[in-house]
Participant: 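Next up is a structure, given as structure tokens.
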Amino acid sequence: MKYNFNEIEAKWQKYWSKNQTFKANNNSDKPKYYVLDMFPYPSGAGLHVGHPLGYIASDIYARYKRHKGFNVLHPMGYDSFGLPAEQYAIQTGQHPAITTETNIKRYREQLDKIGFSFDWSREVRTSNPEYYKWTQWIFIQLFNSWYNNDTDKAENIETLISKFEAEGNSAVNAVHDETVATFSAEEWKNFTSEEKQEILLKYRLTYLAETEVNWCPALGTVLANDEIVNGVSERGGHPVVRKKMKQWSMRISAYAERLLQGLEKVDWPEPLKEIQRNWIGKSVGASVDFNVLSNDDVTSSARLPEYFGQAVEKSQSISVFTTRPDTIFGVSFMTLAPEHELVSKITTPEQKEAVETYIEATAKRSERERMADVKTISGVFTGAYAEHPFTKEPVPIWIGDYVLAGYGTGAVMAVPCGDQRDYDFAKHFGIDIPNIFEGVDISEEAFADKENTVIANSDFLNGLGYKEATKKAIEKLEEIGQGKGKINYRLRDAVFSRQRYWGEPFPVYYVNGLPQMIDAKHLPIELPEVEKYLPTETGEPPLGNATEWAWDSVNNKVVSNDLCHAEPVEASQNGIYPLELNTMPGWAGSSWYFNRYMDAGNTEEFASQEALNYWQDVDLYIGGSEHATGHLLYARFWQKFLFDQGLLPVDEFAKKLINQGMILGTSAFVYRLENENTFVSKNQIGDKKVLPIHADVSFVNTSEELDMEAFKNWRPEFKDAKFITEEDGTFKVSREVEKMSKSKYNVVNPDEICENYGADTLRMYEMFLGPLEQAKPWNTAGITGVHGFLKKLWKLYFDDNGLKVTDSEPSAESLKSLHKTIKKVEEDIENFSFNTSVSTFMICVNELTAQKCTSKAILEPLAVLISPYAPHIAEELWSALGNSESIATAPFPAFEEKYLVESMKTYPISFNGKMRFTLDLPMDMSKEDIEKVVMEHAKTQAQLEGRTPKKIIIVPGKIVNIVG
RNA sequence: GCUCGAGUGGCGGAAUUGGUAGACGCGCUGGAUUCAAAAUCCAGUUCUUUCGGGAGUGUGGGUUCGAUUCCCACCUCGAGUACCA
């Protein structure tokens, strides 16, 4: 009987689907295990062989856990809102929902062919109203919450209102906008409803605010920081500019510390944690207030240079953040970001022109230029002075674009002796560089080594190290009321509005310009139909094109815009108000989907408490590291928020995470003579002037030879191509490893592999390529090795006459081969080292074939061992051996040490650490006897050439090493 | 620049607490089978060699009886990050 993989695979895929073999139950006596893949965006291009790599690994693990007696949840779904479907809609007018549906269908077909053990009954799609109903619901919960720093968690906004009513806001320890004014309980009570709403917005965990955003004109939307790479959009590479817009934001900054601390308790790759740590960017230091010297100070002071202008009318103070309060006596100037709001207030008339010119010049430079150009030092003096908090000496105030408006307070106290940028700035402009370090030379560069710092010339800090000096400086600053210890985070609040159509609509309408939440019981608010997916003529988002997009707050339904007054101020007559025109960003739906899988069909809740308590969290999460600062950070944030609400049992959603490496393509290049339509084979190029051109990899065989006819028919411009071939008439291409992509014509499709070699071969070969986490090139040529192995496996069970498995007693050798394999494969799976278990299987099958093993006692457990990797063939063998149930939950074979016990050991005999020959000796031979046998051996004598060894190292059961 | 990660045959890669470097597979070479091909099977395949052996895991040094593995310095490649005060 032949190994007919196509037939076998189709048969079992049908069986699994019909019998719902992998449907997970929310009630079970078995321990739970949750294996999750990052769900895909269903793109129009379909899957290439790189995509399923992580899915195969997680599927092997899920299947293994079932054999190990776990109740396994292994779901799959689609992150189905997104830009490409919408761009396609703009070009063709086809509704994104239709495009998405088509793409999902194609994805599903491709996934099914690979034989994954997904529980499809739990499929989620983020663009499905039944799903995004709960995304909207979570948004409402965020809106109704504030972050209480005292309890260190999110609380309902009602508790904040009670506090305001009782004591105003001065004693409230909350995370909020910088711009909140203090008010008393009395004042709060007297505020109008609208004033109250505006104030509360500054505290809510999702809030509407005028924000400076990254606007991408080409995509017609704003982008989050993590969606921008090198100053251009991650998707499409379009330019991005800064623009002020009214946007929904997520107060993720409230969770900065917990997001940082939480990393300690999850088993995620260290580099990924490091990326998140950097993104959160915690710095510990102090905030220090410098008073700006005003006219009064000036007239009463003789200490100032003559050119000090009469500018500052009343006392101002500049707040700075520093990580080095210990160096405060080294301050010789201050620098403000050009955008700093005080700049215009303190600049003296004499310096006004210079300052304005400078600000104008910086504003012109794009963010990108400023980033790229780190060498040029620029800045200008404002003419104003601040007063040093301790020495009371005047400190000149400069502006410079090396200070960023968006970090800290946008101002720094410059300590040129301790910070290289301050040092360079001071050198460039001839500002003093006082040395406050003991025994350190600062004539060439600044001294930034905290560990070896000993402070000098610093009054009460003299002689102290970094730590003590920092502590003391903060104490003194607090004493004089000009500073305090402070922790700063780089993490910014996340903009949550997108000016797009294909995303979750906000459950929000506006009364007098103030946002109102739609009551949760009226969700979902479904996306309206629009005629065009482009922004409106007045520049509003695509939802501005909808004619049915107003909220009837009396009847609680979406109604025609005509019923809604254009001017919101007048709109209250009939209770019909305009709805939000933005939609949510791509990461909204993916921030909680792993919880939805636990109870995907629930129409009453996002998931029942029962299901959530049973499944708890993801035990193993596999996906790409590119989501480090996007999905993985936002999802952790929502998880913590929902945990604070008492809605989730755990505050980290994934215990263990693995980043699968990318599978790269092996591109093929042909070389065309310059200005001619003639192509030159690789070895005939010599010093000819040629241009490399990508050829489709499907035209190239395993010997790197191009199918010239296929190439000519590929594109019209190659129709009349001429070829300079090798001497044997073949045309050789050259190969290069690149990212697998359509544009490089190096894409390999998994369907074709399944068709030609089978899904089991594909699964094993993907694993065989190398370690899961590593990037590695795909090379279809190598697949025959794995395919041949499966055929060989088949032949252990079948010959021309059918099944050849017998009930004969297994040989000791065969038992040894089997148990060696059990041990290794089990260890490999636990360590996610799937590549090495493929080799182990090959060795085992090679050995059993050589042993002519036909024993069921060996071959039945072998089928179970291999079933996580090659489930179809395993099912077929399992059923051929007389089992009527699926192999999916058959117990994993138990390893028994006794079969591996050896009586003999092949000892490597080394001389000075180099193995020269081997010797078979009994395992239980004593050290003395080993030495005797080895020394008497003729080869030993030949090696020694008459010398007497200095030393003989014998490690019984391991090695013999003769020194001398 | 900084922070990680990695350098092993023609290629992908293996070597689990320091103990036989190159498992397994591809490719290549030779052979068997075949009218022929595919498929299958067998043998060989790190380099070098005077066929005894010798060298060898990016480079140089160190620790050790013994180092791909541990330590130091350097080189190369990849990823992340980029004026974060």
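Sequence lines set the chain letters: A, B, ... in the order given, protein chains first and strands last, and positions in each chain run from 1. Predicted, not measured: the structure shown is a model, and the values here were computed from it.
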Participant: Could you list, one pair per line, each protein nitrogen or oxygen that sits under 3.5 Å from a nitrogen or oxygen of nucleotides 13-20 of chain B, together with the distance?
Facilitator:
unit_1	atom_1	unit_2	atom_2	d
B:G13	OP1	A:Gln774	OE1	3.4
B:A14	OP1	A:Asn835	ND2	3.0
B:U16	N3	A:Glu827	OE1	3.0
B:U16	O4	A:Lys824	NZ	2.6
B:U17	O4	A:Lys958	NZ	3.3

Participant: Is the distance between the ring centroids of A:Tyr3 and A:Phe798 less than 6.0 Å?
Facilitator: no
Participant: Within the structure, does a side-chain N or O atom of A:Arg735 lie under 4.0 Å from either OP1 or OP2 of B:C11?
Facilitator: no
Participant: Think A:Tyr407 has a side-chain N or O under 4.0 angstrom from the OP1 or OP2 of B:A85?
Facilitator: yes
Participant: Nearest to the A:Val963 side chain among B:C65, B:A23, B:A82, which nucleotide is it?
Facilitator: B:C65
Participant: I'd like the C1' distance from B:G18 over to B:C28, given in whole Å.
Facilitator: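 Rounded to whole Å, the distance is 35 Å.
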Participant: How many Å lie between CZ on A:Phe917 and C1' on B:G52, as a whole number?
Facilitator: 15 Å
Participant: Quantified in whole Å, what is the P atom distance between nucleotide B:C41 and nucleotide B:C26?
Facilitator: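 Going atom to atom, P in each nucleotide, I get 10 Å.
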Participant: Paired with B:U50 by Watson-Crick or G-U wobble geometry, both distances under 3.5 Å: which nucleotide is it?
Facilitator: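 The answer is none; no pair meets the criterion.
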Participant: Using the C1' atom as the reference point in each nucleotide, state the distance between B:A14 and B:G9 in Å, no decimals.
Facilitator: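 That atom pair is separated by 13 Å.
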Participant: Let me know the distance between CG of A:Leu633 and P of B:U81, rounded to the nearest Å.
Facilitator: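 Roughly 13 Å, once rounded to whole Å.
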Participant: Determine the Euclidean distance between corresponding P atoms of B:G22 and B:A15; express it in Å to zero decimal places.
Facilitator: 13 Å
Participant: Work out how far the P atom of B:G62 is from that of B:G52, and round it to whole angstrom.
Facilitator: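 To the nearest whole Å, 35 Å.
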Participant: Which residues pass the salt bridge (charged side-chain N to carboxylate O under 4.0 Å, His left out) test with A:Lys804, not counting sequence neighbours?
Facilitator: none
Participant: Scan A:Arg277 against the nucleic acid and name what it touches under 4.0 Å (heavy atoms): base, sugar-phosphate only, or nothing.
Facilitator: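 Contact class for A:Arg277: none.
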Participant: Counting the atoms with a prime plus P, OP1 and OP2 as sugar-phosphate, which does A:Asn846 contact under 4.0 Å by heavy atoms, base, sugar-phosphate, or nothing?
Facilitator: sugar-phosphate
Participant: Counting only Watson-Crick pairs (N1-N3 plus N6-O4 or O6-N4) and G-U wobbles (N1-O2, O6-N3), all under 3.5 Å, who is the partner of B:U3?
Facilitator: B:A79
Participant: Quick one: are the ring centres of A:Phe5 and A:Tyr757 less than 6.0 Å apart?
Facilitator: no
Participant: Measure from CZ on A:Arg421 to P on B:A82 and round the result to the nearest Å.
Facilitator: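 Interatomic distance, CZ of A:Arg421 to P of B:A82: 14 Å.
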Participant: Rounded to the nearest 0.5 Å, what separation is found between the CD1 atom of A:Ile328 and the CG atom of A:Leu477?
Facilitator: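 So the CD1 of A:Ile328 and the CG of A:Leu477 are separated by 4.5 Å.
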Participant: Need the pair for B:C35. Rule: Watson-Crick or G-U wobble, both distances under 3.5 Å, any strand; none if unpaired.
Facilitator: none
Participant: Is A:Lys2 salt-bridged to A:Glu7, going by a charged N under 4.0 Å from an acidic O?
Facilitator: no
Participant: Taking atom P in both B:U8 and B:G58, what distance in whole Å separates the two?
Facilitator: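 Approximately 6 Å lies between the P atom of B:U8 and that of B:G58.
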Participant: I need the minimum non-hydrogen distance between A:Asn746 and A:Met740, along with the two atoms involved.
Facilitator: OD1-CA, 3.5 Å
Participant: So, are A:Lys820 and A:Glu847 salt-bridged, with charged N and O less than 4.0 Å apart?
Facilitator: yes
Participant: When both hydrogen-bonding distances must be under 3.5 Å and the geometry is Watson-Crick or G-U wobble, what is B:G30 paired with, if anything?
Facilitator: B:C42
Participant: According to the salt bridge (charged side-chain N to carboxylate O under 4.0 Å, His left out) rule, which pairs have a member within residues 327-338 of chain A, sequence neighbours left out?
Facilitator: none
Participant: Within 90° of 0 counts as syn, otherwise anti: where does B:G62 fall?
Facilitator: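 Anti conformation for B:G62.
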Participant: Expressed in angstrom and rounded to an integer, what is the separation of A:Met767 atom CE from B:G12 atom C1'?
Facilitator: 14 Å
Participant: I want to verify a distance call: between B:A23, B:C4, B:A85, whose nearest atom is closest to the A:Ile843 side chain?
Facilitator: B:A23
Participant: Where do N or O atoms of nucleotides 37-45 of chain B meet protein N or O atoms at under 3.5 Å, pair by pair?
Facilitator:
none

Participant: Are the ring centres of A:Phe917 and A:His937 closer than 6.0 Å?
Facilitator: yes
Participant: What is the distance, to the nearest angstrom, from the CH2 atom on A:Trp279 to the P atom on B:G80?
Facilitator: 13 Å
Participant: For B:G30, is chi within 90° of 0 (syn) or not (anti)?
Facilitator: anti
Participant: Tell me every residue that passes side-chain hydrogen bond (donor to acceptor under 3.5 Å, both in side chains) with A:Thr918, counting only those two or more places apart in sequence or in another chain.
Facilitator: none
Participant: With sequence neighbours left out, write down each residue that passes ring pair (Phe, Tyr, Trp, His ring centres under 6.0 Å) with A:Phe437, or none if nothing qualifies.
Facilitator: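 Expected list: A:Phe447.
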Participant: Suppose we define a pair by two distances each less than 3.5 Å, Watson-Crick or G-U wobble; what does B:U59 pair with here?
Facilitator: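 WC or wobble partner is B:A73.
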Participant: What distance, rounded to whole Å, do you find between the two P atoms, one in B:C77 and one in B:U40?
Facilitator: 42 Å
Participant: For B:A67, which nucleotide is its Watson-Crick or G-U wobble mate, given both distances must be under 3.5 Å?
Facilitator: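 B:A67 is paired with nothing.
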Participant: Could you check A:Gly785 against A:Lys914 and say which one's nearest nucleotide on RNA chain B is further toward the 5' end?
Facilitator: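 First, find each residue's nearest nucleotide; the 5'-ward one identifies A:Gly785.
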Participant: Please report the distance separating the P of B:G10 from the corresponding atom of B:U46, rounded so that it comes out in whole Å.
Facilitator: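 Comparing P positions in B:G10 and B:U46 gives a spacing of 10 Å.
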Participant: When the distance from OH of A:Tyr489 to P of B:C84 is rounded to whole Å, what number comes out?
Facilitator: 19 Å
Participant: Should the pair A:His627 and A:His631 be assigned to parallel (<30°), tilted (30 to 60°) or perpendicular (>60°) ring geometry?
Facilitator: perpendicular
Participant: Should B:A23 form a Watson-Crick or G-U wobble pair with both distances under 3.5 Å, which nucleotide is its partner?
Facilitator: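 Across any shown strand, B:A23 pairs with none.
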Participant: Please report, rounded to the nearest Å, how far the C1' atom of B:A82 is from the CD atom of A:Glu274.
Facilitator: 14 Å
Participant: Between B:G53 atom P and A:Arg916 atom CZ, what is the distance in whole Å?
Facilitator: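 Atom-to-atom, A:Arg916 to B:G53, this comes out as 9 Å.
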